[in-house]
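These numbers come from the heavy atoms of this one structure, side chains and all, not from hydrogens, waters or symmetry mates. All values derive from a computational prediction rather than experimental measurement.
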Amino acid sequence: MSESLMEFHGVSKNFDGVAALNNFSGAARGGQVLGLIGPNGAGKTTLFDVVTGFTRPDRGSVLLRGQRLLGRPPYKIARLGVARTFQDLRLIRGLSVLENVLLAFPNQPGEGLWNVFFRGKPVSMRENDINRAAISLLNDAGLAEKADDPADALSYGQQKLLSLVCCLATDAEVLLLDEPVAGIAPVMIDRILSVIRGFPTHGRSVILIEHNLEAVMQVCDRVIFMDAGQKISEGTPTEVRNDPKVIQAYIG
Ligand SMILES: Nc1ncnc2c1ncn2[C@@H]1O[C@H](COP(=O)(O)OP(=O)(O)OP(=O)(O)O)[C@@H](O)[C@H]1O
Ligand SMILES: [Mg+2]
């Protein structure tokens with residue numbers, strides 16, 4: 001499956017006269033990892049903020065399977081199937097590793113008032129299922145033995161890994177990852193990249209912001225290079241890396 005899953009049409013956003021996004025258009029295909037690269041201040045995170053409803057753009061539209069996302073509050077966009085990680089990690093530090101993952105699961109038992117008063121067997125069974133699924137995700141990521149540790153006792157790299165596990169725990173179809181391997185030791189980078197590479201087989205599509213070009217080359221099916229809020233280049237990782245405009249921006 002590789003038709004357009006998410007489309008950006010002419011998205012613009014100014015902050016006090018600075019064009020963070022300038023008529024940005026592009027698309028992410030289903031079942032793929034799309035890399036979003038570009039220098040500091042290119043507008044990459046702003047694009048994620050627009051998609052997830054954190055920032056309202058001045059112009060343009062974003063479509064998920066043809067459905068307009070802009071103008072909806074973040075929680076509704078999340079329910080439509082868009083999850084994200086943040087450049088600055090936003091785990092719940094007072095909770096355990098496992099509890100962070102449990103919180104990310106949709107349709108939590110006990111959410112409805114009915115469940116508060118009538119906690120019968122079906123609810124606790126569902127709780128067990130979620131618990132098992134959470135442990136299994138932590139196991140796949142190599143974090144199972146840390147399940148009961150407080151989230152803030154993990155190393156920085158392990159916390160980044162945990163934020164990916166939390167993304168997987170949601171049933172979101174599109175995962176927006178903002179610099180998942182920035183500032184991480186090489187061994188942990190490999191673990192994180194292999195988790196990301198597995199996302200499409202879990203039925204998830206990914207848009208990945210990353211400065212580490214080596215990582216981008218390893219995991220992305222396609223890459224968009226942006227600068228000053230605009231799309232400058234697009235193609236396979238090799239095509240984009242060899243584009244003179246991209247080389248110029250990275251070296252010159
Ligand atoms: N909330 C805001 N208020 C004012 N200016 C902002 C805001 N958010 C972003 N900007 C500006 O918009 C531009 C794009 O920022 P953005 O964070 O999207 O870049 P980026 O590509 O993610 O950069 P980096 O690689 O450094 O994370 C920058 O000039 C930034 O200073
Ligand atoms: Mg950013």
Side-chain angles (χ1 to χ4, degrees), residues 33 48-49 51-54 64 72-182 184 188-189 191-208:
V33 179
F48 278 10
D49 288 339
V51 172
T52 51
F54 284 77
L64 175 66
R72 299 175 198 263
Y75 77 92
K76 285 197 176 160
I77 292 172
R79 281 187 191 167
L80 287 173
V82 182
R84 79 182 288 185
T85 64
F86 290 88
Q87 203 168 341
D88 53 329
L89 282 162
R90 296 189 195 176
L91 296 166
I92 303 175
R93 289 170 200 288
L95 295 185
S96 74
V97 169
L98 178 61
E99 284 165 337
N100 268 277
V101 182
L102 291 174
L103 262 188
F105 274 89
N107 303 318
Q108 296 277 333
E111 237 178 22
L113 201 52
W114 179 265
N115 288 332
V116 174
F117 293 108
F118 302 98
R119 283 177 64 86
K121 198 144 202 219
V123 169
S124 58
M125 278 177 69
R126 167 109 173 102
E127 250 171 26
N128 286 340
D129 289 346
I130 289 180
N131 229 61
R132 251 195 306 277
I135 297 279
S136 155
L137 287 177
L138 285 172
N139 201 38
D140 292 347
L143 286 174
E145 77 265 30
K146 307 276 183 187
D148 297 324
D149 293 2
D152 55 3
L154 296 181
S155 72
Y156 184 66
Q158 288 169 330
Q159 289 187 34
K160 287 236 172 191
L161 201 48
L162 177 57
S163 72
L164 293 185
V165 172
C166 290
C167 249
L168 261 188
T170 70
D171 55 3
E173 194 177 5
V174 183
L175 309 182
L176 309 178
L177 313 179
D178 201 344
E179 302 196 16
V181 299
I184 293 181
M188 190 52 98
I189 288 182
R191 267 171 73 184
I192 289 179
L193 292 182
S194 82
V195 170
I196 294 172
R197 225 181 281 112
F199 282 169
T201 55
H202 283 87
R204 318 304 177 95
S205 304
V206 176
I207 307 180
L208 167 79

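With rounding to the nearest 0.5 Å, the separation of CG in Asp171 from CD in Glu173 is 9.5 Å. Note that the CG atom of Leu164 and the CG atom of Leu175 stand 8.5 Å from one another [nearest 0.5 Å]. Residue Arg191 holds its CZ atom at 13.0 Å from CD1 of Ile196, rounded to the nearest 0.5 Å. For the atom pair OG (Ser194) and CG (Leu161), the distance works out to 8.5 Å, reported to the nearest 0.5 Å. The line from CG of Asn131 to CZ of Phe105 is 9.0 Å long, rounded to the nearest 0.5 Å. Separation of atoms CG (Leu143) and CG (Leu154) is listed at 6.5 Å; rounding is to 0.5 Å.
The local environment of CZ in Arg79 is sparse, with at most 12 non-hydrogen atoms from other residues, nucleotides or ligands closer than 6.0 Å.
Taking both residues in full, the closest heavy atoms of Leu168 and Arg204 are given as O-NH2, 2.9 Å, listed atom of the first, atom of the second, then distance. In plain terms, the two heavy atoms of Cys166 and Ala104 that are nearest each other are O-CB, 3.3 Å. Taking every heavy atom of both residues into account, Lys160 and Asp178 meet most closely at NZ-O, 4.5 Å. In plain terms, the two heavy atoms of Ala151 and Asn100 that are nearest each other are CB-ND2, 3.4 Å. A pairwise comparison of heavy atoms in Ile189 and Ile184 identifies CD1-O, 3.3 Å as the closest pair. Here the closest non-hydrogen pair linking Val165 and Ala141 is CG2-CB, 3.6 Å.
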Derivation and outcome, side chain to side chain contact (heavy atoms under 4.5 Å, CB included), residues Val51 and Arg84:
CA-CA 10 Å; Val51 172; Arg84 79 182 288 185; over 6 Å; no
Let's go through Leu208 and Phe199 carefully: what are the C-alpha distance in whole Å and the side-chain angles of both, what is the deciding distance for side chain to side chain contact (heavy atoms under 4.5 Å, CB included) to 0.1 Å, and is it a yes or a no?
CA-CA 12 Å; Leu208 167 79; Phe199 282 169; over 6 Å; no
Walk me through it: do Ile92 and Glu99 pass the test side chain to side chain contact (heavy atoms under 4.5 Å, CB included)?
CA-CA 9 Å; Ile92 303 175; Glu99 284 165 337; over 6 Å; no
Before you tell me yes or no, could you show the steps for Leu162 and Val101 under side chain to side chain contact (heavy atoms under 4.5 Å, CB included), namely the whole-Å CA-CA distance, both residues' side-chain angles and the distance that decides it to 0.1 Å?
CA-CA 8 Å; Leu162 177 57; Val101 182; 3.6 Å; yes
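Looking at Leu80 and Arg72, their side chains come closer than 4.5 Å, going by heavy atoms from C-beta outward.
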